[in-house]
Amino acid sequence: MAERTSKQLPTQSKDLIAGTPFHPRLGDLALDLAKEGRIGVVVALPSDDSASYQLRPPGGGVDWRARSDGATLRPVPVPVTHVTPMRRDAVYDHRAQQSALVVTVHYEDGGSCEAMLVLTPAQVELYHNQLERLLGARESAQERGR
């Protein structure tokens, strides 16, 4: 398995631990806030014999322990592979001065979800120009192929 690192590292303060504790199962990947966002495979659960979770880097290496209450552990998010627009009309909200486009977010594990892509007027103009150039390039390629 390829080594993964978190792009959003947690705060360095160990006193600031928000959210519900995560109680992973044996074999789950977990992100450990106490270890600066390090990711590990859970190889041992808290029990009568052990007062903590035991984690190991996904590719192997030196194990470490995490609190038995799960307060420093978080689930590892599944990476996004790509986003595609859905066949729905975009909406412009003149009060917020924003446009919204419904998109599908695709994940590495094959899952997907619906989300909103919110754009400022400057972003709409930028993407309009870029899409116009893409359409021109496509037209040129089609004409060369005839």
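The model shown is predicted, which means the values in this text are computed figures rather than measured ones. Scope of the values below: all heavy atoms of this structure, side chains included, with no hydrogens, waters or symmetry mates.
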(request) Group every Ile, Leu, Val, Met, Phe, Trp and Tyr by side-chain heavy-atom contacts under 4.5 Å, then state whether V102 and V83 land in the same group. (result) no
Distance-only donor-acceptor pairs under 3.5 Å for side chains of residues 133-140, two or more places apart:
{"residue": "R133", "atom": "NE", "partner": "N129", "partner atom": "O", "Å": "3.4"}
{"residue": "S140", "atom": "OG", "partner": "G136", "partner atom": "O", "Å": "3.1"}

(request) For residues P58 and V41, report the shortest heavy-atom separation together with the two atoms involved. (result) CA-CG2, 3.8 Å
(request) If a pair satisfies salt bridge (Lys or Arg N to Asp or Glu O under 4.0 Å) and one of its residues is in residues 115-124, list it, with sequence neighbours excluded. (result) none
(message) Minimum heavy-atom separation for Y107 and V78, please, with both atom names.
(response) CD2-O, 3.5 Å
(request) Among Ile, Leu, Val, Met, Phe, Trp and Tyr joined by side-chain contacts under 4.5 Å, find the other residues sharing a cluster with V62 and list them by chain and number. (result) none
(request) With sequence neighbours excluded, tell me which residues meet side chain to side chain donor-acceptor pair (under 3.5 Å) with D28. (result) none
(message) Restricting to side chain to side chain donor-acceptor pair (under 3.5 Å), what partner residues turn up for Q98, sequence neighbours left out?
(response) none
(request) Calculate, to the nearest 0.5 Å, the distance between atoms OG1 and CD belonging to T81 and E108 respectively. (result) 7.5 Å
(request) Search all heavy atoms of G61 against all heavy atoms of P57 and return the closest pair with its distance. (result) C-CD, 4.0 Å
(request) Report the residues that fulfil side chain to side chain donor-acceptor pair (under 3.5 Å) with Q97, sequence neighbours left out, ordered by chain and then residue number. (result) none
(request) Identify, with sequence neighbours excluded, every residue that meets side chain to side chain donor-acceptor pair (under 3.5 Å) alongside T84. (result) H106
(message) Within this structure, what is the CZ-OG1 distance for the pair R67 and T72, rounded to the nearest 0.5 Å?
(response) 6.5 Å
(request) Check which hydrophobic residues are tied to W64 through side-chain heavy-atom contacts below 4.5 Å, counting indirect links as well, and list them. (result) F22, L26, V42, L45, Y53, L55, L73
Return all side-chain donor-acceptor pairs below 3.5 angstrom for residues 110-128, not counting sequence neighbours, or 'none' if the list is empty.
{"residue": "E114", "atom": "OE1", "partner": "R88", "partner atom": "NH2", "Å": "3.2"}
{"residue": "E114", "atom": "OE2", "partner": "R88", "partner atom": "NH1", "Å": "3.1"}
{"residue": "T120", "atom": "OG1", "partner": "Q123", "partner atom": "N", "Å": "3.2"}
{"residue": "T120", "atom": "OG1", "partner": "Q123", "partner atom": "OE1", "Å": "3.3"}
{"residue": "Q123", "atom": "OE1", "partner": "T120", "partner atom": "N", "Å": "2.7"}

(request) For residues 97-106, pull every pair meeting salt bridge (Lys or Arg N to Asp or Glu O under 4.0 Å), keeping only residues two or more places apart or in separate chains. (result) none
(request) Please name all residues satisfying salt bridge (Lys or Arg N to Asp or Glu O under 4.0 Å) with D93, sequence neighbours left out, ordered by chain then number. (result) R95
(message) Going by the rule salt bridge (Lys or Arg N to Asp or Glu O under 4.0 Å), which residues pair with R56 if we only count those two or more places apart in sequence or in a different chain?
(response) D63
(request) Report the distance from atom NE2 of H23 to atom OG of S68, rounding to the nearest 0.5 Å. (result) 9.0 Å
